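Below is one structure, written out as structure tokens, with a few remarks after it.
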There are 2 protein chains.
Amino acid sequence: MLGKTTEYALRALVYVYMQNIKGKRPGYKEISKEIDSPEQFTAKVLQNLARAELVSSVKGRGGGFFFDEPTNPITLFKVIEAVEGKEYFSKCGFGLKRCDANNPCPLHDNYAPVREAFYEMVNKMTIQSLANKINKHEATLSRI
Amino acid sequence: MLGKTTEYALRALVYVYMQNIKGKRPGYKEISKEIDSPEQFTAKVLQNLARAELVSSVKGRGGGFFFDEPTNPITLFKVIEAVEGKEYFSKCGFGLKRCDANNPCPLHDNYAPVREAFYEMVNKMTIQSLANKINKHEATLSRI
DNA sequence: ATATAAAAAGACCTACATGTCTTTTTATAA
DNA sequence: TTATAAAAAGACATGTAGGTCTTTTTATAT
Ligand code: FES
Ligand code: FES
């Protein structure tokens, strides 16, 4: 459903948050190693997220990525929107130019509720809530 | 959620079925015009669907695309599987190598039900049921 | 038999997602 | 103030989805 770029973004931000809690500011080399993603491309993804102000960064010795206000939760929706674009949850599933409930495609009545459930899910979940699951050993950040 | 190729495939098959009911066998030129898709690429998509035995075709004068057994319903799942690949509904939403409910990623518990709802939806809906909605004027095949 | 109309096939092209390499900038430690 | 370690930036490379063009094959009408 989501592109690889978005997957890297989610995993990277979760790792950054987990390290921030421990008072650390990881760099892209460490991040990419821990989340099993391509190093340079992960740097690019994090740069874009920083430009979108979803994460902060400091250059130079001792620098790295971090959250300015770790208490301000970042929904997965914000990340998806930043990476995949604003239209992700409003496109017609049948490929028509617009999704229009008043003049629907034959998929709409069944598709829209699924799309809506996904939308609500990613608005409920946050980078922080994902990180907490991992810290409670209820989930894993990467897999061999 | 679905790629453009899958969208063309769904719209094309629905149109083919609607014409079959009227005793006609449309060609790719007519099909692409009616579903508003690129002509040659639609031909390619239909060729692939024919190879996957989701639709039949006859060459030569008076030829075109048609369903051998129009009463045998084709689920949207079959089309998605043929175009997007077998893994489409089993991939981990967080990008881990496998989806594993026993060793889940932090998205799994919330993501899997949405993915499952989508899966059930596309297994319930068929090319025939979509065409029927259009014939009953409850839905539209294309949009200006 | 021949002409015609159609799909099949395959070479080719384009745009975009994904990924890598090198250079530049900048903050900090020594 | 110099060396160093880090992100930022941008050029470059690769892979894949999406799309076009031309030629070949084949079924049918004449
Ligand atoms: S009109 Fe197609 S999904 Fe809404
Ligand atoms: S393990 Fe990630 S979705 Fe199942």
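Computed from a prediction, not measured in an experiment: that's the story for all the values here. Convention: sequence-line order gives letters A, B, ...; per-chain numbering from 1.
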*Length of the CD-C1' vector between B:Glu39 and C:dA6, whole Å*: 12 Å
*Spacing between A:Arg61 atom CZ and C:dT26 atom C1', to the nearest angstrom*: 13 Å
_Measuring centre to centre across the rings, with the benzene-like ring taken for any Trp, is B:Phe118 within less than 6.0 Å of B:Phe89?_
yes
*Using only side-chain N and O atoms of B:Thr5, determine if any of them is under 4.0 Å from OP1 or OP2 of D:dA17.*
no
*To the nearest Å, how far apart are B:Asn48 CG and C:dA7 C1'?*
13 Å
*Picking from C:dT18, D:dA8, D:dG18, which would you name as closest to the side chain of B:Lys4?*
D:dG18
*Would you mind classifying the nucleic acid contact of B:Lys44 as base, sugar-phosphate or nothing, using non-hydrogen atoms under 4.0 angstrom?*
base
*Can you tell me how far C1' of D:dG18 sits from CZ of B:Arg11, to the nearest Å?*
14 Å
*Given that B:Gly62 and A:Tyr8 both sit by DNA chain C, which one's nearest nucleotide is further toward the 5' end?*
B:Gly62
*Distance check: side-chain N/O of A:Ser57 vs OP1/OP2 of D:dA6, anything under 4.0 Å?*
no
*Report yes if the side chains of A:Thr140 and A:Ile134 come closer than 4.5 Å at any heavy-atom pair, otherwise no.*
no
*Whole angstrom is fine here: how far is it from NZ in A:Lys59 over to P in C:dA29?*
18 Å
_Set of residues satisfying side-chain contact (heavy atoms from CB on, under 4.5 Å) with respect to B:Glu87, sequence neighbours excluded_ = B:Ser90, B:Lys91
*Nearest listed nucleotide, side chain of A:Phe41, among D:dG19, C:dT18, C:dA9*: C:dT18
*Of B:Val83 and A:Tyr28, the one whose closest DNA chain D nucleotide lies more 5'*: A:Tyr28
_For B:Phe77 and B:Tyr119, I'd like to know if the aromatic rings sit close, meaning centre-to-centre distance below 6.0 Å._
yes
*Base, sugar-phosphate, or nothing: which does B:Arg25 touch, judged by heavy atoms less than 4.0 Å apart?*
nothing
*Distance in angstrom units between A:Gln40 CD and D:dA11 C1', rounded*: 13 Å
*When the distance from OH of B:Tyr88 to C1' of D:dA17 is rounded to whole Å, what number comes out?*
14 Å
*asked:* Tell me whether the side-chain N/O atoms of B:Arg51 come closer than 4.0 Å to OP1 or OP2 in C:dA9.
replied: yes
*Expressed in angstrom and rounded to an integer, what is the separation of B:Leu46 atom CG from D:dG18 atom P?*
15 Å
_Do the side chains of B:Lys97 and A:Asp36 get close enough for a salt bridge, i.e. N-O under 4.0 angstrom?_
yes
